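First the structure, in the form of structure tokens, and then the observations on it.
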There are 2 protein chains.
Amino acid sequence: MPDAFWQPPSILLAVDLVILTLRSSKLHVLLVERGIEPYKGEHALPGGFLNNVDEGILAAAQRELREEANLDASQLHLEQLGAYGDPGRDPRGRIVSVAYLAIAPGLPEPEAGADAAGASWKPVEEIDSGRLELAFDHRWILADGIERARTKLERSSLATAFCNEPFTIAELQQVYEAVWGVELDPRNFYRKVQGVPGFIIPVGAERRTTKGRPARLFRRGQQTVLHPPLSRPNPLTTSEAN
Amino acid sequence: MPDAFWQPPSILLAVDLVILTLRSSKLHVLLVERGIEPYKGEHALPGGFLNNVDEGILAAAQRELREEANLDASQLHLEQLGAYGDPGRDPRGRIVSVAYLAIAPGLPEPEAGADAAGASWKPVEEIDSGRLELAFDHRWILADGIERARTKLERSSLATAFCNEPFTIAELQQVYEAVWGVELDPRNFYRKVQGVPGFIIPVGAERRTTKGRPARLFRRGQQTVLHPPLSRPNPLTTSEAN
DNA sequence: TAGCTTCTTGTCACAGTGACATGAAGAGAT
DNA sequence: ATCTCTTCATGTCACTGTGACAAGAAGCTA
């Protein structure tokens, strides 16, 4: 019960980034090795505190993206996942973190930024199989980020953000397969993707060298909402929600 | 660039609640009249600061739900919308607010809680038509909450949370119509709702008095994920996303 | 009993989908 | 050249889910 003498507690605000990309047909997340306590030496999501009291939260996320991952935030999809603020999530005290999701196209090895002791792409499979542990509650933040990406792939054109332009339909299919963790029929995928108006648009009849028949090249269309949606294959009968 | 002497800024953390319900077939939101500056006398979402540094964010939301709306949080759907922390959103200083969405079945007039000068249900239409202004950035928080509710209605059984049990299919339809802001064909709605296994289950052949033929009564099923989903009628061709 | 209201059950055409066959266009081997 | 292998591209078919209706069923009121 607040009274005249009561003052709200002040806390520290941080941002954490879930940066996903595709490397050799597998979903990877950018992790840094912590250079300071707590959790020194362990893997964690890139992130950090607000620089000063006037810095916006999104601005802080964009700054960390640049500092820790050498990525240009202006080009990337950046979306808030939510606030993570359980008491005790950080041994240093009450720290609330706002997490953001970013999607990056395939990139060369990350260069460690200023702060990060070492940055590297890790397959997400290693984390949620439990083989690789993350600092703080980052495992759950990552899980939420992946889940968000999964559902967004259905109704938004987010998948193209994983691809460098121009891309082939097969490459786009690999994005869906990697993120969803399923196999898709190339023929049905081809039909559906082409059927969504404004999703991908063919760039003049170009082609690229592989083994078999050359593939047509596409670039992102202007449409960001997919209709009809690309529905994820039935993950059996879940009864989970919320 | 943080150095050895740099200290992260500390901020104040608040929670805000978007509590939606249905009253006379229209979507309403619970608002309080602010008793103190800033924005004294204006309407705002219920909410407040963390009580102490050890209080969880969700716990704070549940406490405010009880204090300001006299609602029992344990019965309600409560879901985080996200963090709102633009510098300047609160003239008192840097305050970051974590917003939650709650859905309540039709209720009698709200009783003003301890803190709130006055609490009342307002039609959401009055806010997003601009006729009623809200304090802080609460207009946008509300808009996000409504949008979240809209999309969740498609794939989750959230709609039943608006209904007192037992309910009729027509009542459930009114929920969808009010939240989506559309009219639905009762016959198709009937077929679809019944076709989702575990969504609603008939409570013994009871009935209720209205004008025409008595309606069968139902209660919530155990299934929280709707398959197939109840898809929202085409809102024309939007090209918005994110 | 007729008329009105609301709930319930059908019907029909069509879009979207999964499963699968088949054709087209290149590279490499013989 | 021709064959084979690979990958890309197009087509077919049955089935589900959907929107747009018609028509029947069960109560109330006059």
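All chains are named by letter (A, B, ...) in the order of the sequence lines, taking the proteins before the strands, and each is independently numbered beginning at 1. As the structure is a computational prediction, the values presented were derived from the model and not from experiment.
- For the pair Gln194(B) CD and dT16(D) C1', the computed distance is 18 Å after rounding to whole Å.
- Arg191(A) places its CZ atom 11 Å from the C1' atom of dT10(D), with the value rounded to the nearest Å.
- Of the candidates dG16(C), dC20(C), dT6(D), dG16(C) carries the atom nearest the Pro228(A) side chain, counting heavy atoms from C-beta on.
- Among the nucleotides dA9(D), dT5(C), dT9(C), the one closest to the side chain of Tyr190(B) is dT9(C).
- Distance CG (Leu226(A)) to C1' (dG16(C)): 14 Å, rounded to an integer number of Å.
- A donor-acceptor pair shorter than 3.5 Å cannot be found between the side chains of Tyr84(B) and Asp16(B).
- Comparing dT18(D), dT6(D), dT9(C) by their closest approach to the side chain of Lys192(B) singles out dT18(D).
- Here dG23(C) is the nucleotide among dG23(C), dG26(C), dG27(D) with the atom lying nearest to any side-chain atom of Arg213(A).
- Residue-to-nucleotide proximity on DNA chain C shows that, of Gly212(B) and Arg216(B), the 5′-proximal contact is made by Gly212(B).
- Side-chain proximity of Asn188(A) to dA9(D), dC20(C), dT7(D): nearest is dC20(C).
- Residue side chain Arg187(B) reaches the base of dA22(D) through a donor-acceptor N/O pair under 3.5 Å, judged by distance alone.
- For the pair His227(B) NE2 and dG17(D) C1', the computed distance is 10 Å after rounding to whole Å.
- With respect to Arg232(B) and Glu154(B), a salt bridge is recorded, a charged nitrogen being found less than 4.0 Å from a carboxylate O.
- Proximity of Gln173(B) to Val193(B): side-chain heavy atoms (C-beta onward) are nowhere separated by under 4.5 Å.
- The distance between atom CG of Leu172(B) and atom P of dC7(C), rounded to the nearest whole Å, is 13 Å.
- Out of dC7(C), dG26(C), dT17(C), the shortest distance to the side chain of Ser231(A) is found at dT17(C).
- Between the CD atom of Glu154(B) and the P atom of dT18(D) there is a distance of 11 Å, rounded to whole Å.
- Nearest to the side chain of Arg207(B), among dC20(C), dA26(D), dG26(C), sits dA26(D).
- Between Glu165(B) and Arg220(B) there is a salt bridge, with a side-chain nitrogen of the basic residue lying less than 4.0 Å from a carboxylate oxygen of the acidic one.
- One atom, CG of Asp185(A), and another, C1' of dC8(D), lie 13 Å apart when rounded to the nearest Å.
- Looking at Leu20(B) and Trp121(B), their side chains never come closer than 4.5 Å, going by heavy atoms from C-beta outward.
- Taking atom OH on Tyr176(A) and atom P on dG18(C), their separation rounds to 13 Å, with Å as the unit.
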